[in-house]
Asker: 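Sharing a structure, written as structure tokens. Questions coming.
Below, read A as the first sequence line, B as the second, and so on, with proteins coming before strands; counting in each chain starts at 1.
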Number of protein chains: 2
Amino acid sequence: METAWEIARSDGLAALTLRAVAERIGMRSPSLYSHFDSKNAIYDAMFAEGWADLRSLTDRTLRRASVPRRMLLQLAELFFDFATDDLARYQLMNQRTIPDFQPSEQGYAESLAAYDGMRSWLRDAGVTHATDLDLWTALLGGFVDQQLANDPGGDRWRRQLVRLVDMYCTEVGVPGPQLRRTR
Amino acid sequence: METAWEIARSDGLAALTLRAVAERIGMRSPSLYSHFDSKNAIYDAMFAEGWADLRSLTDRTLRRASVPRRMLLQLAELFFDFATDDLARYQLMNQRTIPDFQPSEQGYAESLAAYDGMRSWLRDAGVTHATDLDLWTALLGGFVDQQLANDPGGDRWRRQLVRLVDMYCTEVGVPGPQLRRTR
DNA sequence: GTCTATATTCTGATAGAC
DNA sequence: GTCTATCAGAATATAGAC
């Protein structure tokens, strides 16, 4: 798994091959079939691991009962940094990059669990409407996408996260003063 | 080109092969090299065509001098519908799905021209700050991504576009009354 | 411009010995 | 669990006849 992630990160998600994985760990490709049923099974394990990592990171990092707007900003920064940290992982988790790959029931469940986790944090901030949740995911995803596509390694969108959270909070009615003073 | 688009749409962008293209039009794959230098040259032509189509569609459809908020809504709907109409096209134009592909200078110029077009429409609405433009692209892209990934063919995010435009206009200071009355 | 033929390389996957 | 050997097929690309 480690090696698979390394290859996906450096050469692209679609460039992942069994031979490349096996070679790097000093094995032959058929031996991998003792551990995974197919290549897609590797993608699937990576998919599940990505979502599990995001969830555990969130649980370890965020603190409840802080000022709602501050908490949402932390949530946004956490997700943004996690996502932009690894393009291949983000593509696997959130975009349909690999034509044949579809997550298994387990993998899908992992992604739902992560989504539920995020939902509970938003609930703590008083956000419960389904449309408000959809708005949140779209805003965050959009920022991540632009950062990855148009300024990889930079902070052109990352530095507007505070503004984004303020705008969102105002829109959905999260109380509290603005986090940011000027444009 | 037509056939290449068809294959990319139905089987995925990465599933595009010279053989498949040639077969569908009653040719042999080597013959394609009389028209394109390489496979990536086909991707490149598709990339440029996608951006050119978006630009010409925008120029043909939008009207200047309407109410700023209305015009921005039209711009948003136009882009959203164009993008969600064809996942493969969107991936090619906006995401790094094909590991080896990088747009040529011409293709890149086409994308810049389309971006300039969008910028001029936003300028007409009084939006000029670079950060405000970045915010616009991120918001729109995020909506498109969520629609494609989580509700393909549906309208779960599409129907929140009015809300998005209102929120954006309020944030960046586009004058005029709200387009929408309730959540 | 299109064809046949072919080079070269890579792919995921299986059979079966150890 | 790991190996060798191999399958069956696919991929992009080139050479050269017509």
Asker: Which part of the nucleic acid, if any, lies within reach of A/Thr17 when heavy atoms closer than 4.0 Å are counted: base, sugar-phosphate only, or nothing?
Answerer: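 The residue A/Thr17 makes sugar-phosphate contact but no base contact.
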Asker: In whole angstroms, how far is the P atom of C/dA13 from the CG atom of A/Leu32?
Answerer: 11 Å
Asker: Taking distance alone, no hydrogens or angles, what donor-acceptor pairs closer than 3.5 Å link side-chain atoms of residues 147-156 of chain B to residues at least two apart or in another chain?
Answerer:
residue, atom, partner, partner atom, Å
B/Gln147, OE1, B/Arg156, N, 3.4
B/Gln147, OE1, B/Trp157, N, 2.8
B/Gln147, OE1, B/Arg158, N, 3.2
B/Gln147, NE2, B/Asp151, O, 2.5
B/Gln147, NE2, B/Asp151, OD2, 3.2
B/Gln147, NE2, B/Gly154, O, 3.1
B/Asn150, ND2, B/Gln146, OE1, 2.8
B/Asp151, OD2, B/Asp155, N, 3.1
B/Asp151, OD2, B/Arg156, N, 3.0
B/Asp155, OD1, B/Arg159, NH1, 3.1
B/Arg156, NE, A/Asp134, OD1, 3.4
B/Arg156, NE, A/Asp134, OD2, 2.8
B/Arg156, NH2, A/Asp134, OD1, 2.8

Asker: Quick one: A/Glu23 CD to C/dT11 P, roughly how many Å, whole number?
Answerer: 10 Å
Asker: So which one's nearest nucleotide on DNA chain D is more toward 5', B/Ser29 or A/Ser31?
Answerer: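 Its nucleotide being nearer the 5' end, the pick is A/Ser31.
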Asker: Heavy atoms under 4.0 Å, any strand shown: does B/Ile25 hit a base, just sugar-phosphate, or nothing?
Answerer: nothing
Asker: Between A/Leu54 and A/Phe79, is the side-chain contact (heavy atoms from CB on, under 4.5 Å) condition met? List the steps.
Answerer: CA-CA 8 Å; A/Leu54 173 59; A/Phe79 176 79; 4.0 Å; yes
Asker: Would you say B/Ser34 reaches C/dT2's phosphate, i.e. side-chain N/O to OP1/OP2 under 4.0 Å?
Answerer: no
Asker: Can you tell me how far C1' of C/dC10 sits from CG of A/Asp11, to the nearest Å?
Answerer: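 Those two atoms, CG and C1', are 15 Å apart.
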Asker: Output yes when B/Arg119 and B/Asp116 qualify as a salt bridge under the 4.0 Å nitrogen-oxygen rule, no when they do not.
Answerer: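 Salt bridge present between B/Arg119 and B/Asp116.
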Asker: So, do B/Leu140 and B/Leu164 sit near enough that their side-chain heavy atoms are less than 4.5 Å apart?
Answerer: yes
Asker: I'd like to know if A/Arg9 and A/Asp85 make a salt bridge, using a cut-off of under 4.0 Å between side-chain N and carboxylate O.
Answerer: no
Asker: Let's see if you can work this out: which of D/dA5, D/dT12, C/dT2 has an atom nearest to the side-chain heavy atoms of A/Pro30?
Answerer: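 That would be D/dA5.
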Asker: For DNA chain C, whose closest nucleotide is more 5', that of B/Arg28 or that of A/Ala15?
Answerer: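 Mapping each residue to its closest nucleotide by heavy atoms, the 5'-most match is B/Arg28.
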Asker: Tell me which residues in residues 36-45 of chain B put a heavy atom below 4.0 Å from DNA chain D, sorted by number, or none.
Answerer: B/Ser38, B/Lys39
Asker: What's the closest nucleotide to the B/Met27 side chain, out of D/dT12, C/dT2, D/dT2?
Answerer: C/dT2
Asker: Round to the nearest Å and state the distance from A/Tyr33 atom OH to C/dG16 atom P.
Answerer: 17 Å
Asker: Can you find a heavy atom in the side chain of B/Thr58 that is under 4.5 Å from one in the side chain of B/Phe82?
Answerer: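 They are not in contact (no side-chain heavy atoms under 4.5 Å apart), so the answer is no.
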Asker: What's the CG-C1' distance between A/Leu18 and D/dT2, to the nearest Å?
Answerer: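 Rounded to whole Å, this separation is 15 Å.
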Asker: Would a 4.5 Å heavy-atom cut-off, applied to side chains only, mark A/Arg69 and A/Gln178 as touching?
Answerer: yes
Asker: CZ of B/Arg19 versus C1' of C/dT9: gap in Å, rounded?
Answerer: 13 Å
